[in-house]
2 protein chains.
Amino acid sequence: MEQKLRMTHQREIILAELKKNTSHPTADELYEKVKKKLPRISLATVYRNLEILSAAGMIRKLEISGRQKRFDWELTEHNHIYCVQCHRVDNIELEKKNLQPVQSTQRKGYEISGCRIEFYGLCPKCKNIEKKQGVKKMACNPTVLSDKQREVLEALANSTEPCGSKDIAGATSLEPKQISCQVTALKKKGYVASPVRCKYEITPEGKDALN
Amino acid sequence: MEQKLRMTHQREIILAELKKNTSHPTADELYEKVKKKLPRISLATVYRNLEILSAAGMIRKLEISGRQKRFDWELTEHNHIYCVQCHRVDNIELEKKNLQPVQSTQRKGYEISGCRIEFYGLCPKCKNIEKKQGVKKMACNPTVLSDKQREVLEALANSTEPCGSKDIAGATSLEPKQISCQVTALKKKGYVASPVRCKYEITPEGKDALN
DNA sequence: TTGTACATGGTAATCATTATCAGGTCAATA
DNA sequence: TATTGACCTGATAATGATTACCATGTACAA
C-alpha cells in the first residue's frame with residue numbers, strides 16, 4: 001500500500017516555488033507562480049501534488065479561515081495570523097506555549113490530538129488603506145452587473161435628478177414590479193443612493209461601474 | 001443603508017431550530033431540520049437567513065476546519081473542539097484565558113482583533129468505533145464505481161485466482177493500456193489487492209461494492 | 001390605501017476541489 | 001535487456017458548498 005514518490009520536474013518546481021518565501025499560498029496562487037516556469041502545467045497537477053506532498057508529510061495543508069486551503073512548507077509547530085481583509089497569512093510565534101492541557105472534565109470525552117491557534121486582524125497594508133479612506137467602501141468583490149441592473153443604472157445615469165421607480169420603468173423596458181428588486185441590489189453594491197425615500201440616483205461608483 | 005430585519009416565520013423557525021441544542025449545524029443540516037416544520041422552505045432561504053442573522057450579530061458564523069461553515073447561537077466568547085472523523089463540533093471552555101497578548105515585536109505590524117482556538121481529535125463515538133475495528137478502513141467517502149471500474153471489478157470477481165492485467169483485458173472490453181489505471185484506482189479504494197506483484201484479486205470490500 | 005423595502009422559493013451560476021481518463025515515463029523483474 | 005506495471009501528467013468532467021438572480025409575495029410607513 002505504501003506509495004513511492006517520484007520527484008518529477010513538476011513536483012520539484014512546485015516545492016521550490018512554495019519554499020521560496022513564507023507566504024502561505026493557495027493552490028491556484030501557487031499555480032500562477034509555477035505556470036511562469038512550466039507554462040504547460042495543469043492546475044490539477046498542482047492540486048494533486050500539494051495533496052500528495054502533504055499526505056507524505058513533506059508540507060502542511062493549513063486549515064485556516066477562508067474557503068481556500070493554504071499550504072505551508074514549514075513543518076515545525078507554529079501558529080498563524082491572517083488578514084480579514086486581504087486574506088494574507090503570516091507566521092506568528094507564541095512566547096509561552098504554556099496553554100491548554102484542558103481539564104479532563106472539560107474534554108467532553110474527546111481524545112484530543114491537537115490544537116490550532118489562529119489570530120486575525122488587519123495586516124499592515126490593509127490597516128493603512130482603511131485609515132486613508134475610512135472603513136466604508138470595502139470594494140471586495142468585483143460586483144458585475146446583470147443586464148437588468150445595467151439597464152436600470154443607465155437609465156439613472158441619463159437622468160439629471162433623482163428618479164422614482166416609475167420614472168425608471170418608463171425609461172427602461174422593465175416591468176414596474178421588477179424595478180424595486182433591481183434597485184435594491186444596486187444599492188447593496190453601492191452603485192445607487194437614495195437621497196430621499198423612494199427617489200434614487202446613481203453614485204460615482206455606479207458611473208464607474210458602467211464603463 | 002441600515003437594513004431593518006423582519007421576523008418572518010421562516011426566520012423564526014430557523015433561529016428556533018438552531019437554538020434547540022448546542023450542535024453547531026451546517027446550513028444544510030439545519031435545512032433538513034427546518035424542512036420538517038416548513039416543508040416548502042428553500043435551501044437558499046436558510047443560507048440567506050443564516051447570513052443575515054450573523055451579519056446582524058444575532059448568531060455567529062464559525063470558521064472551523066472543514067469546508068462547510070457552521071453556525072452557533074451562543075454569542076459569548078468560547079472555543080470549540082471538533083472530531084476529525086465525523087466533524088462533530090462541541091463547545092469547550094478554557095480555564096485560564098491567560099494566553100497570547102502577543103509581544104508587539106511578534107505582531108508583524110498586524111492590528112490584531114481576535115484569536116481563535118480550536119482543538120481537534122476524536123469524539124467519544126468515533127473513538128469507540130476506531131477501537132473496535134482498528135484504524136484501517138476509514139470508510140469515509142462512498143467511493144462510487146465508474147463503469148470501467150465496475151467492469152474490471154466484475155471480471156476479477158468472476159475469476160477464482162489472481163489475474164494479471166492481460167487476463168483482465170481479455171475478460172473485459174477494455175484496452176490493455178487502460179487496465180493499469182483502473183486497477184490502481186480500485187486499489188486505492190481498497191476494492192482490489194495485489195497478493196503478488198502484477199497479480200490482482202478482488203477484496204471482500206470490493207465484492208460488497210459490486211452490490 | 002399604496003408604494004416600496006424586505007422576503008421568499010426556485011434555480012442558475014460560481015468557486016474550489018476532486019475524480020476520471022488516456023496517454024507518458026521510469027525502474028524493477030522475468 | 002525488454003517488458004510491464006507503478007506512478008505521473010494535462011485536460012476536462014463532476015461534485016459540493018455557497019452565492020446570485022429573479023419573479024413574486026407580504027407588511028410597514030407615508
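So that the names make sense, note that chain A is the first sequence line, chain B the second, and so on, each numbered from 1. Heavy atoms only: backbone and side chains are in, while hydrogens, waters and symmetry mates are out.
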Visitor: When you measure only distances, ignoring hydrogens and angles, does the side chain of A/R6 come within 3.5 Å of the base of D/dC8 through a donor and an acceptor?
Guide: no
Visitor: What contact category does A/R11 fall into here, base, sugar-phosphate, or nothing, at under 4.0 angstrom with non-hydrogen atoms?
Guide: sugar-phosphate
Visitor: Does the pair A/E51/A/R48 count as a salt bridge with the N-to-O cut at 4.0 Å?
Guide: no
Visitor: What's A/Y31 touching, base or sugar-phosphate or nothing? Going by heavy atoms closer than 4.0 Å.
Guide: nothing
Visitor: Return yes if the base of C/dG9 and the side-chain atoms of B/R48 contain a donor-acceptor N/O pair under 3.5 Å, otherwise no.
Guide: yes
Visitor: Go through D/dT19, D/dC22, C/dT17 for me and flag the one nearest to the B/K61 side chain.
Guide: D/dT19
Visitor: Could you state the OH-P distance from A/Y47 to C/dT17, rounded to the nearest angstrom?
Guide: 4 Å
Visitor: Mind checking if A/K199 touches a base, just sugar-phosphate, or nothing, with heavy atoms under 4.0 Å?
Guide: nothing
Visitor: Within the 4.0 Å heavy-atom criterion, would you say B/I41 contacts the bases, only the backbone, or no part of the nucleic acid?
Guide: sugar-phosphate
Visitor: Taking atom types as modelled, is there a side-chain donor on B/E74 or B/N91 under 3.5 Å from an acceptor on the other?
Guide: yes
Visitor: Any salt bridge between A/E29 and A/R70, counting N to O under 4.0 Å?
Guide: yes
Visitor: Base, sugar-phosphate, or nothing for B/T45, non-hydrogen atoms under 4.0 angstrom?
Guide: base
Visitor: Is the closest basic N to carboxylate O distance between B/E151 and B/K148 below 4.0 Å?
Guide: no
Visitor: Out of D/dC8, C/dA22, D/dA11, which has the shortest distance to the side chain of A/A44?
Guide: D/dA11
Visitor: Look at all strands and tell whether A/N49 reaches a base, only sugar-phosphate, or nothing, counting heavy atoms closer than 4.0 Å.
Guide: sugar-phosphate
Visitor: Identify which nucleotide among D/dC8, C/dA7, C/dT11 has an atom closest to any side-chain atom of A/L5, counting heavy atoms from C-beta outward.
Guide: D/dC8
